[in-house]
Amino acid sequence: MSRYGYEGLVSPKDKTGIVDLASSGELQLCGTSGAQMAARRFSEYGLISFSREQRFKSTNYAFHFFKPVEKLKQLYNLGDEVLILCCSDSLERFKSRTKDFIDYLLSTQQEFKNRLDKVTCFLIDSQDDIEEIIKEDRIKNPDSRLIVPFSYEELQQGLDDEMLQGRLRTFLYERDLFGIASPLKDENLFFGRDRADLIAELYGKYRQGEHGGLFGLRRIGKTSILNLLRLRVEQSNGVVVYMDCTKYHHKRWNLFLQQIVREIFKKYSSGDADTVPSIPSGVLLDEDPARYEEQNASISFEEDLTSLYHHLDDTRILLIFDEIEQIGYTTSPSEYWRDGKDALFFWQAIRSVFQTNSRLLSFVITGVNPKCVELAKIDEVDNPIFSSLTPQYITLFDYKDVKRMVSDIGKYVGLRFEEEIFAGLTNDYGGHPFLIRQVCSRINMEVLERGEIRPYTVSKFSYEKHSEEYRAQMMSVIEQILGVLQDFYPTEYELLKILALDGSDAFVRRLTLGESTVSHLLGYCLIQKAEGDYHVRIRSVSQYLKEKYHHEKILDSWSEKRTRISIRRNDIEIKLREIIRTQYVCKFGGKAKEELIAHLKGTCKDPTQEKKIRALDLKSAMQEVYFNQLKALICKDWKDYASLFVDKAKFQNFFDLINQYRADAHAKELDEEEEAMLNIAFRYFEKALRDL
């Protein structure tokens with residue numbers, strides 16, 4: 001047994017059965033003596049089935065294809081053939097070009113792309129610290145391929161089971177592939193059959209000169225799809241630039257047009273040898289500032305795009321606008337886009353270009369909601385891109401997609417999941433891939449902390465036992481996912497909340513707001529319709545809304561309402577007492593109770609109150625302070641609480657409302673107006689005290 005709990009990968013008997021194609025004369029090993037030595041070391045654990053030497057970006061590489069023995073494949077989820085890339089024996093350090101060559105061999109080179117393991121490869125380098133170099137690189141690029149490094153010097157000493165398995169464990173099992181939060185840049189960990197179809201469809205629109213729109217919830221995978229679309233366009237020698245509108249909404253519309261031209265020129269200038277086609281050397285942009293002043297910007301933009309199009313071999317230019325809400329009319333954080341005419345002028349300029357010459361460009365816009373192409377008017381003027389494209393939504397994963405994603409990633413980190421877990425994840429998180437990966441990341445870290453030997457099987461009982469804990473841990477992620485609806489599309493958020501709290505009938509009664517709102521919620525896959533009724537599709541989202549807004553659920557009986565009023569009031573009262581006590585301790589230290597007594601003088605007619613307070617510690621003494629006195633204490637030192645409550649007049653008025661309509665002091669029912677006013681007061685305090 002090795003120190004990792006496994007028997008040897010290859011027994012002496014197995015070794016006698018391995019036919020090394022190189023030693024048998026059927027294969028000529030390529031590369032330097034070091035590269036050939038490395039191949040022979042690995043041949044003790046499988047077959048060397050292919051060898052070649054190739055120059056890439058001014059560097060020579062040798063590479064071999066390695067067919068690992070069955071046990072090695074099973075333990076580490078390796079493919080039938082795995083790439084062994086041997087860098088030059090020179091002292092040149094590992095560079096990004098090496099990763100580019102790996103990507104080329106595994107993804108682009110048609111001769112090899114369907115033959116080799118797409119995720120894992122071995123790297124042999126002359127640097128003694130190659131392990132640390134690769135570890136640093138994977139921190140910076142968490143979604144990159146799984147590179148398992150060795151140095152020539154250590155292989156020269158020999159390769160045994162302990163060394164090979166130790167290195168594989170370090171670079172496979174100890175990396176949390178489930179926890180990757182950044183958008184994917186390649187197909188290594190890309191899942192979802194419908195998503196692959198979306199990429200193909202958007203690519204087809206580009207080829208035809210049509211426009212595309214991709215929409216969906218935050219963290220649903222929009223940017224990953226865009227990255228793979230860009231890769232598809234680039235591999236077909238197309239021209240594409242990606243614009244993250246969160247970076248550009250502070251620019252006025254005319255300067256954003258200029259920035260687009262600059263980004264195209266920068267990416268495809270001849271100084272970048274990776275782009276095909278490329279702009280010939282000697283071609284310069286006309287940077288005369290007057291060209292992109294507002295009165296000239298549209299004309300200059302069309303002139304520059306036409307010029308770039310011809311310099312790029314008459315290749316259509318694809319413009320991708322991500323986070324479109326950032327430059328949207330009514331949704332942008334910048335006033336010129338949100339309230340002014342910048343969105344109008346910007347899209348007028350874009351439209352005039354493709355109307356003049358449809359071969360010049362097409363665009364793809366992405367965001368949460370297709371409002372930007374559904375608005376008929378922008379500031380009372382016709383919207384230039386109204387109905388210019390058919391919105392496409394990114395759907396959630398079904399059971400099969402969840403099973404494939406979780407099981408495939410799990411194999412790379414040494415985790416196996418019992419079948420029932422896939423159904424549990426699908427039901428609890430509705431097939432939202434990011435939420436599911438985050439839950440699996442928690443499971444992975446728990447297994448790591450317990451020091452379990454991998455491969456390790458996660459049981460359905462373990463998942464069921466901790467499912468509520470996982471759901472609670474996902475609340476902040478769910479809040480982030482729904483935050484964009486709450487910020488930009490409050491009507492949709494309100495409808496979703498009503499459905500979660502009060503059910504389908506209450507939801508349907510509120511649908512006077514228009515069919516587009518329902519179609520958006522259905523498009524996000526947040527809700528679904530079955531047998532005439534609507535339901536929240538993602539169980540964890542429904543539970544989140546019920547817990548966060550439980551005070552807003554519609555109640556029929558006054559006794560239920562009275563109980564809820566008492567609960568909300570008591571919760572506010574407890575928090576007010578605590579912040580006052582904390583403030584007195586911070587401000588007065590050991591004299592806090594004396595100062596409290598002094599500040600209470602004249603606020604109460606109970607002659608025994610001071611005596612009671614003196615007999616207690618400060619925390620217990622705060623319970624002897626009457627509710628109305630809490631208002632007096634805060635107003636007396638308002639500057640100490642202003643950051644919480646902001647508006648003193650509102651604080652006083654809403655405090656008085658809550659005190660006036662105490663449910664335990666009023667047997668009569670509140671009328672609709674009184675109840676609405678009380679709810680406003682409650683929400684004011686609940687928002688201010690939310691984080692306490």
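- With ring centers used as reference points, Phe655 lies under 6.0 Å from Phe627.
- A ring-centre distance under 6.0 Å is not found for Tyr463 and Phe417.
- Partners of Arg683 by side-chain contact (heavy atoms from CB on, under 4.5 Å), not counting sequence neighbours, listed by chain and number: Glu552, Arg568, Asn679, Ile680, Glu686.
- A side-chain N or O of Asn369 and one of Tyr524 form a donor-acceptor pair less than 3.5 Å apart.
- Nearest heavy atoms, Arg581 versus Glu578: NH2-OE2, 2.7 Å.
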Report all side-chain donor-acceptor pairs from residues 333-344 shorter than 3.5 Å, counting only partners two or more places apart or in another chain.
{"unit_1": "Ser334", "atom_1": "OG", "unit_2": "His249", "atom_2": "O", "d": "3.1"}
{"unit_1": "Ser334", "atom_1": "OG", "unit_2": "His249", "atom_2": "ND1", "d": "2.6"}
{"unit_1": "Trp337", "atom_1": "NE1", "unit_2": "His249", "atom_2": "O", "d": "3.1"}
{"unit_1": "Trp337", "atom_1": "NE1", "unit_2": "Lys251", "atom_2": "O", "d": "2.9"}
{"unit_1": "Arg338", "atom_1": "NH1", "unit_2": "Ser332", "atom_2": "O", "d": "3.2"}
{"unit_1": "Arg338", "atom_1": "NH1", "unit_2": "Pro333", "atom_2": "O", "d": "3.2"}
{"unit_1": "Lys341", "atom_1": "NZ", "unit_2": "Asp379", "atom_2": "OD2", "d": "2.8"}
{"unit_1": "Asp342", "atom_1": "OD1", "unit_2": "Arg252", "atom_2": "NE", "d": "3.4"}
{"unit_1": "Asp342", "atom_1": "OD1", "unit_2": "Arg252", "atom_2": "NH2", "d": "2.9"}
{"unit_1": "Asp342", "atom_1": "OD2", "unit_2": "Arg252", "atom_2": "NE", "d": "2.8"}
{"unit_1": "Asp342", "atom_1": "OD2", "unit_2": "Trp253", "atom_2": "N", "d": "3.1"}

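- Close placement of the Phe346 and Phe321 rings is indicated, their centers lying within 6.0 Å of each other.
- Between the side chains of Gln438 and Tyr470, no donor-acceptor pair is found at a separation under 3.5 Å.
- Remark: aromatic rings of Phe215 and His520 are distant, center separation not under 6.0 Å.
- Relative to the six-membered ring of Phe178, Arg437 misses at least one condition, a distance below 6.0 Å or an angle of at most 45° to the axis.
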- Assess whether side-chain hydrogen bond (donor to acceptor under 3.5 Å, both in side chains) is satisfied between Ser441 and Asp176, documenting all intermediate values. CA-CA 7 Å; Ser441 173; Asp176 184 16; 2.5 Å; yes
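- In this structure, the ring pair (Phe, Tyr, Trp, His ring centres under 6.0 Å) partners of Tyr248, at least two apart in sequence or on a different chain, are Phe256.
- Judged purely by distance below 3.5 Å, without hydrogens or angles, the side chains of Tyr626 and Gln609 never pair a donor atom with an acceptor atom.
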